[in-house]
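Worksheet: the structure to be examined is printed underneath.
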Amino acid sequence: MPVLLYNTMNRCVEEFVPLDDQQVGLYSCGPTVYNYAHIGNLRTFLFEDLLKRVLQLSGFSVNHVMNITDVGHLTGDGDDGEDKLEHMAHKTNRTVWEIASYYTDAFFKDYDELNMIRPSTVCKATDHIQQMIALIKRLEEGGHTYISGGNVYFSIDSIPDYGKLARLDLESLRTAVREDVEADDNKRNSKDFVLWFTNSKHGEQAMMWPSPWGRGFPGWHIECSAMSMHYLGESFDIHCGGIDAIPVHHTNEIAQSEAATGKPWVKYWMHGEFLLDETGKMSKSKGEFLTLSLLKSKGFDPMDYRYFCLGGHYRSQLKFNFDSLSTARTARTNVYDRVQNLLKDGAKQVTLASEHALSSQRAFMEHIQNDLNTPRALADLWGVLKDDRLSSDEKYSLVLLFDQVFGLRLSSITAPEKETFPPEAEALLLKRVQAKKEKNWALADSLRSELDAMGYLVKDTPSGSSLEKKM
RNA sequence: GGUGCCAUACCCAAGUGGUAAGGGAAAGGUCUGCAAAACCUUGAUGCAUCGGUUCGAAUCCGAUUGGCACCUCCA
């Protein structure tokens, strides 16, 4: 069955056919490591992890490259004249390098906790300055650049198809619409962008490198072009990122990459939609700064957030609130309970043979291969768990197969172990069993509330009474 | 001003020409001394509104209303 993916370049769902038979080159825009990632950032990385998992389950081998933007040229959301890394460095009395390293570690901690498969290659911008300089030189030789006000600019008028990804209408575009962005008078065309700074309006930076144009630092867009081509070749299969990257970042990456090589650069462009909070777009500067740690501190498991994200399609905006997350948590723990019940019945992984089991598998594959339709695939999971025509072994085997895509750690679920409780709790339970036998309901009820106060839930089943630790 | 997206049950959310997946909540049931838990069952004659195309429309077209995002360093 073919894998169908939505290609932003053509604005439609297309059959995925890699440039090379089985080896897929995948580049995803990584984090800017000046602060913790918020859960909206993480949603995009979850989408990319999902994409990789679907491709892998479909038989492709994926070479996944992700960058770490650790160059100190990023200005703050408010463009207040101080770059993000330096701002955080001053605030916390650390060097920009320490900041970058600290938040890179924090990022991968979230990455692992959300059970995302690590990229094959993680590359830091600061380790690839030479590749960027080489690319800028190539553009310079091709006549695509000019120097103005001390900086090297890319001239969008030097190529015929600038803005094709975003379908920009260059005539009607306004410049510096946002109040917090200033126009740059050094540009010949207001859509031109900087390849190399030697004279930033923000002054001296902590991170500077020698170059043919003088000591300075690279423009933002050049790192992705330089590193992706370095690791994946001058043409590769998939480039993905957040939807916000379409009009500027990816548009400029395409311009400089294809101007340099004269070849089509990326075959499929994929973009994840935003996670919205109550106020609209999620932000690090306004409202509550929603991080994975914050979710955990409120008692949520990272898998609850993963399940929550799987419940919406990656190309749809998803509204976050704690009620919805609680709903996801309930649903996820219900899945876990059902899987645990299967294991209690002695379910084991088998090769699927029955026509019915195989058709369940086909339905699931069809849904995830149809542009990563995880909401539909979750419905398939529930269908399997509730399907009387499947044996426990078949259900468990399908669950494990599905989880190669979901990544909800369903394979690490084990048969319920006999939980041990403090002797005093066990003693109270025994007393209650005795009271029940004697039909002393008043005593039995008071013992139950006593245990409840201690944090234990009493469960009466036909086979006897047991305790459960309350969440 | 330009570009793109969206509106489906109480909530979240699939479905893009063949008669509305799934989850949560709720209600009913089985069980129980009563609860809880567990398990089972139920749920939109309807898809923002109004027109149009069609044998057939949530789905295509047009208009209207409402919402969201982006337009020089936001995932």
Side-chain angles (χ1 to χ4, degrees), chain A residues 8 11 13 28-32 37-48 69 71 73-77 79 83-84 163 166-178 180-184 187 190-194 219-221 240-249 251-252 271-276 280-285 307-308 310-313 315-321 323-332 334-335 337-338 341 367 373-383 386 436 439-441 444-445 448-449 452 457-462 466 468:
Chain A
T8 306
R11 305 289 156 93
V13 175
S28 57
C29 283
T32 54
H38 61 55
I39 57 176
N41 301 129
L42 294 173
R43 182 191 183 198
T44 300
F45 294 106
L46 283 167
F47 139 63
E48 290 155 355
T69 300
V71 172
H73 64 246
L74 291 169
T75 51
D77 285 345
D79 199 15
D83 85 49
K84 289 174 178 172
R167 309 204 166 174
L168 299 180
D169 176 6
L170 296 178
E171 297 304 313
S172 60
L173 267 179
R174 288 187 184 181
T175 302
V177 172
R178 279 165 41 185
D180 54 358
V181 172
E182 283 173 37
D184 181 343
K187 293 178 181 179
S190 63
K191 295 296 289 180
D192 290 346
F193 54 93
V194 176
W220 177 41
H221 314 294
C240 43
I243 194 166
D244 58 300
I246 296 170
V248 178
H249 184 47
T251 287
N252 290 347
H271 296 92
E273 251 292 359
F274 274 142
L275 181 76
L276 308 176
K281 191 193 71 175
M282 198 151 289
S283 153
K284 293 176 187 177
S285 47
Y307 190 99
F308 171 77
L310 290 170
H313 191 257
R315 279 196 287 124
S316 296
Q317 291 176 346
L318 187 60
K319 274 169 282 181
F320 177 84
N321 59 59
D323 275 351
S324 298
L325 186 62
S326 295
T327 293
R329 169 169 60 189
T330 304
R332 184 188 69 84
N334 286 343
V335 169
D337 287 347
R338 281 171 185 267
N341 287 340
H367 291 137
N373 191 340
T374 51
R376 191 50 241 222
L378 278 180
D380 291 331
L381 174 67
W382 281 98
K386 291 182 170 181
K436 277 185 62 167
K439 296 195 189 295
N440 186 350
W441 308 129
D445 287 352
R448 181 167 62 200
S449 34
D452 186 78
L457 212 64
V458 178
K459 286 175 152 186
D460 292 332
T461 67
S466 63
E468 188 176 278

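Per chain, numbering begins at 1; letters A, B, ... match sequence-line order. The model shown is predicted, which means the values in this text are computed figures rather than measured ones.
- The separation between A:His221 atom NE2 and B:A75 atom P is 13 Å, rounded to whole Å.
- In this structure, the side chain of A:Arg315 does not engage the main chain of A:Gly272 through any donor-acceptor pair within 3.5 Å.
- Only the C1' atoms considered, B:A58 is 12 Å distant from B:A48, to the nearest whole Å.
- Residue A:Leu46 contributes atom CG, which lies 11 Å from atom C1' of B:A75 at whole-angstrom precision.
- For A:Arg332, the side-chain hydrogen bond (donor to acceptor under 3.5 Å, both in side chains) partners two or more places apart in sequence, or in a different chain, are A:Asp304, A:Tyr336.
- Only the C1' atoms considered, B:A35 is 30 Å distant from B:G22, to the nearest whole Å.
- Distance check on atom C1': B:A13 versus B:G23 gives 8 Å, rounded to whole Å.
- Of all nucleotides listed (B:A14, B:C73, B:C71), B:C71 comes nearest to the side chain of A:Lys191.
- Remark: C1' of B:A37 and CG of A:Asp452 are 13 Å apart, rounded to the nearest angstrom.
- Contact annotation: A:Arg338 reaches the phosphate of B:C40 (side-chain N/O to OP1 or OP2, under 4.0 Å).
- To the nearest 0.5 Å, atom CG of residue A:Asp244 and atom OG1 of residue A:Thr44 are 7.5 Å apart.
- In the model, A:Ser449 has no side-chain atom that pairs as donor or acceptor with a side-chain atom of A:Asp452 under 3.5 Å.
- Listed by chain and residue number, nothing satisfies the salt bridge (charged side-chain N to carboxylate O under 4.0 Å, His left out) test with A:Asp337 (two or more places apart in sequence, or in another chain).
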Quick one: what's the B/S/- string for nucleotides 18-34 of chain B, heavy-atom cutoff under 4.0 Å, read 5' to 3'? ---BSBSS-------BB
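- RNA chain B forms stems at B:1-7 with B:65-71, B:10-12 with B:22-24, B:26-30 with B:38-42, B:48-52 with B:60-64, each a run of 3 or more consecutive Watson-Crick or G-U wobble pairs whose two key distances fall under 3.5 Å.
- No engagement by A:Leu381 is indicated, since no non-hydrogen atom pair under 4.0 Å with the nucleic acid exists.
- Rounded to whole Å, the distance from CG on A:Asp323 to C1' on B:C11 is 8 Å.
- Using a 4.0 Å heavy-atom cutoff across all strands shown, A:Thr374 reaches no nucleic acid atom at all.
- Using atom C1' as the reference point in both B:A14 and B:C73, the two lie 36 Å apart (nearest Å).
- Shortest non-hydrogen contact noted between A:Lys436 and A:Ala444 is CG-CB, 4.0 Å.
- Here A:Leu275 contributes atom CG and A:Leu42 contributes atom CG; the two are 9.5 Å apart, rounded to the nearest 0.5 Å.
- If you measure from atom NE2 of A:His271 to atom P of B:A69, you get 19 Å, rounded to the nearest angstrom.
- Base orientation of B:G28: anti (glycosidic angle beyond 90° from 0).
- Closest to the A:Asn373 side chain, of the nucleotides B:A36, B:G15, B:A38, is B:G15.
- Judged as a ring pair (Phe, Tyr, Trp, His ring centres under 6.0 Å), and not counting sequence neighbours, the contacts of A:His249 are A:Trp220, A:His221.
- Nucleotide B:C5 holds its P atom 10 Å from the CD1 atom of A:Ile246, rounded to whole Å.
- The minimum heavy-atom distance between A:Phe308 and A:Ser324, with the atom names listed, is CE1-CB, 3.5 Å.
- Where A:Val458 and A:Arg11 meet RNA chain B, the nucleotide closest to each residue was compared, and A:Arg11 sits on the side nearer the 5' end.
- Relative to the side chain of A:Gln317, the nucleotides B:A38, B:C68, B:A75 differ in distance, and B:C68 lies closest.
- Note: CG (A:Asp244) to P (B:C68) measures 18 Å, nearest angstrom.
- Taking atom C1' on both B:U19 and B:A57, the two are 10 Å apart, rounded to the nearest angstrom.
- Using atom P as the reference point in both B:C10 and B:C6, the two lie 23 Å apart (nearest Å).
- Taking atom CZ of A:Arg315 as the reference point, atom P of B:C5 lies 10 Å away to the nearest angstrom.
- Comparing the C1' positions of B:A44 and B:G33 gives an interatomic distance of 40 Å, to the nearest angstrom.
- In terms of the side-chain hydrogen bond (donor to acceptor under 3.5 Å, both in side chains) criterion, A:Trp441 has no residue partners (sequence neighbours excluded).
- Here A:Arg376 pairs with A:Asp380 in a salt bridge; the nearest charged N to carboxylate O distance falls below 4.0 Å.
- Backbone-only engagement by A:His313 is indicated by non-hydrogen atom pairs under 4.0 Å involving sugar-phosphate atoms exclusively.
- Between the C1' atoms of B:G67 and B:C61, the separation comes to 23 Å (whole Å).
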